[in-house]
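Quick note on labels: first sequence line is chain A, next is B, and so on, each numbered from 1.
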Protein chains: 2
Amino acid sequence: MLLRVGELAKRTGLTVRTLHHYDEIGLLVPSMRSDAGYRLYRRQDVARLHRIQALRSLGMSLADIGALLDRPSPSLTAVIERQIQELERKIADQSLLRDRLVALHQQFENGDEPEMDDWLKTLEMMTMYDRYFTPQELDRLPLYQADDERQIEWKALIGEAEALMRQGVPPDDRAAQELAKRWMMTLERDTAGDPTLLDKLNAMHANEPEVQAQMGISAQVSEYVMQAFAQSKLAIYQRYLNEEEFAFMRQRYPQRMHEWPPLMAKLRQQLEQGTPPQAPAVQQLAREWLELLRSFAGDDPATHEKIRRANEQEPALQASVWMTERMKEYLGKAIAYLPAS
Amino acid sequence: MLLRVGELAKRTGLTVRTLHHYDEIGLLVPSMRSDAGYRLYRRQDVARLHRIQALRSLGMSLADIGALLDRPSPSLTAVIERQIQELERKIADQSLLRDRLVALHQQFENGDEPEMDDWLKTLEMMTMYDRYFTPQELDRLPLYQADDERQIEWKALIGEAEALMRQGVPPDDRAAQELAKRWMMTLERDTAGDPTLLDKLNAMHANEPEVQAQMGISAQVSEYVMQAFAQSKLAIYQRYLNEEEFAFMRQRYPQRMHEWPPLMAKLRQQLEQGTPPQAPAVQQLAREWLELLRSFAGDDPATHEKIRRANEQEPALQASVWMTERMKEYLGKAIAYLPAS
DNA sequence: CCTTGACCCTCACGCAACGTGAGCCTCCAA
DNA sequence: TTGGAGGCTCACGTTGCGTGAGGGTCAAGG
């Protein structure tokens, strides 16, 4: 029962080269050589090879197989479980990819042979979203599931904004403010009211000129809308503040309002992780929050009180802007725990 | 808008090494270098990189991407379709593997920590079957889905055969013949009556000592059963033949009967492929069939006629042995088309 | 006895898409 | 002017073999 490589190869369905390779890496070293140097495999070698093939068929690497065969492993079931999990991960990944490809394929199916450019642009957008959002987030991001209606809605909003800008309408104009409010409400809806999603979306728009181009939202437009939104809120606060307070706030608020979204996002994440309000991380966020408030409202507690009253009484300030009741409550507790400074 | 590698890497989520690599293979060569040799990427380079990333996210190889971007490909949808198909193949393969692993895992789940050897033996058997049968065949092979009942049944049959052999009972003994008939019927059932499966199973048993050991069917046992089966058929034919004819047949039949299964398998495959009986391949098989018949029945047409009559009238010859009515009819036609020689 | 042809041997490069140093250069701020 | 961050070019490693190149071995046939 001495087999030469060729014979063993034929019997096992492997190639001679493969057996050479196994020899080289010490996985299966034939226990004999002929005088001429031919590899001679004995029954025990063949048995080992069968085990190797068995384990290979489970997708194990040659290194792992060698380790497993050479010393009695602690737990074989554990090995299998690992293999299963890895396989399931791969399958999940590939299924996702396939679904996406199929969707893409359908999208361009009617309307024969799309232009290369349209094609790639769509693809690029998809990969952009991939870079800024996790798959779970994408699932929760309505903007990503963009149906035609949503597209049209946004096109209209953008068009209006551009028109106002072209006409030189200032951001504190009533029309601009109304547009900004609608814009923000739509945006809130399309980010599922999640400030984390909003924040990432903002980051994406800020960093990727191509996204701006594709969506049609230039940096100017978004800045204009932001300012108009700020003005719409200022207009409300004005009714609660005296002249001096309002003048102060009017100067500072528009510059600092960009800082809300990331702060809200972080707060929301802590809330969802169930971090208690007195935890250091949350306390830090509360401090930053107060800091931001002071930066445009000054240090006078009386002013702060007025702003709080406005927030409570004005429906326009209550609605929307990614602040839920739970968030307000959580923030309130965190602030209450802050040592008086 | 000139970016250095590090910056571009950061913005795209790639590594510097990856960008170097793309440069090396000519996929993305920065359109500028600084005086110090630093790679400088312009807007157009960034755009190209975005496209590269988009296509990569579809699972395309760098080579393919390069080809696609450098000349306008004929059909992009075709590319995607290819990707989808490849993905589905991979997914199918991996799902199969996972199912198998899960099954294996469950098999050993109860009965804490199995012995490495049992483990590997089971696995080895699985890979053996894999080598001799296609996945579709395995699906159709009842023996492979071996439940406990089947196992016990075969253990019993093998035990009986071994006992008879030990006791020195000759294959032409009544008891041996009865056992052989039951054996063949069980085997027919467990190969789903498909001679192709039978043939491959035989090949596996003949070539793989380990399979014999695992199943407990030694070459001696299977030869004994074969001979007993031959004797059981001879006993029937005897009633139709004269003494001389039977003496001739008795001498030859046991030696040649091994040749039936492969011949039946080939014939069945032709039948299933819908090959007409007058096709050369089928004609060749018919010739071989007649040749085999002559080899143990002699050249006298009268003898052949007697055998045919026996086959028609004897239920024991009708039943089983992997010959269906359709097969008989097909073979009959093929023989009828043979030029008289 | 010599020649085929089928096998066998040992290098050693190739593949895909980078990861990971090593050794050296450049730039900018302190 | 010095230190640290970032850049450069080799060049080897990874995984599991495929694919020659160049050269022995062995049994059969002329």
Expected output: side-chain E7(A) to main-chain R4(A) donor-acceptor under 3.5 Å: yes
Does [X] pair with [Y] as a salt bridge, N-O distance under 4.0 Å?
X       : Y       : value
R39(A)  : D45(A)  : no
E291(B) : R294(B) : yes
E210(A) : R43(B)  : no

Mind calculating the distance between [atom1] ([X]) and [atom2] ([N]) to the nearest angstrom?
X      : N       : atom1 : atom2 : result
L40(A) : dC7(C)  : CG    : C1'   : 13 Å
L55(B) : dA17(C) : CG    : P     : 13 Å
D23(B) : dC10(D) : CG    : C1'   : 14 Å
D64(B) : dA17(C) : CG    : P     : 9 Å
L27(B) : dA17(C) : CG    : C1'   : 11 Å
L19(A) : dC7(C)  : CG    : P     : 15 Å
I25(B) : dA16(C) : CD1   : C1'   : 9 Å
I52(A) : dG16(D) : CD1   : P     : 12 Å

Please tell me if the side chains of [X] and [Y] come closer than 4.5 Å, counting only heavy atoms from C-beta onward.
X       : Y       : answer
L58(B)  : R100(A) : no
M1(B)   : Y41(B)  : no
Q214(A) : M128(A) : no

N/O contacts under 3.5 Å, protein versus nucleotides 24-28 of chain C?
unit_1, atom_1, unit_2, atom_2, d
dT26(C), O4', Y38(B), OH, 3.3

Where L123(A) and A54(B) come nearest, the two heavy atoms and their spacing: CB-CB, 3.6 Å
Interatomic distance, M257(A) atom CE to S295(A) atom OG [nearest 0.5 angstrom]: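 OG of S295(A) is found 12.0 Å from CE of M257(A).
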Atom CD of Q44(B): over 12 foreign heavy atoms under 6.0 Å: yes
Between the first and last five pairs of the helix from dC1(C)-dG30(D) to dA30(C)-dT1(D), the angle of the axes, rounded to 10 degrees: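 Taking the rotation axis at each end, their angle is 40°.
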Look for any protein N or O under 3.5 Å of an N or O in nucleotides 17-20 of chain D and output each such pair with its distance, or none.
unit_1, atom_1, unit_2, atom_2, d
dC17(D), OP2, Y22(A), OH, 3.3
dC17(D), OP2, R56(A), NH1, 2.8
dG18(D), OP2, T15(A), OG1, 2.9
dG18(D), N7, R17(A), NE, 3.2
dG18(D), O6, R17(A), NH2, 3.1
dT19(D), O4, R17(A), NE, 3.0

Polar contact flag, side-chain donor to acceptor under 3.5 angstrom, Q284(A)-R287(A): yes
N or O in side chain of R39(B) less than 4.0 angstrom from dC8(D) OP1/OP2: yes
N/O (side chain, H20(B)) to phosphate O (OP1/OP2, dC18(C)) under 4.0 Å: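 Indeed not, no polar side-chain atom of H20(B) lies that close.
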5' priority, DNA chain C, between M60(B) and R33(A) [closest heavy atom]: R33(A)
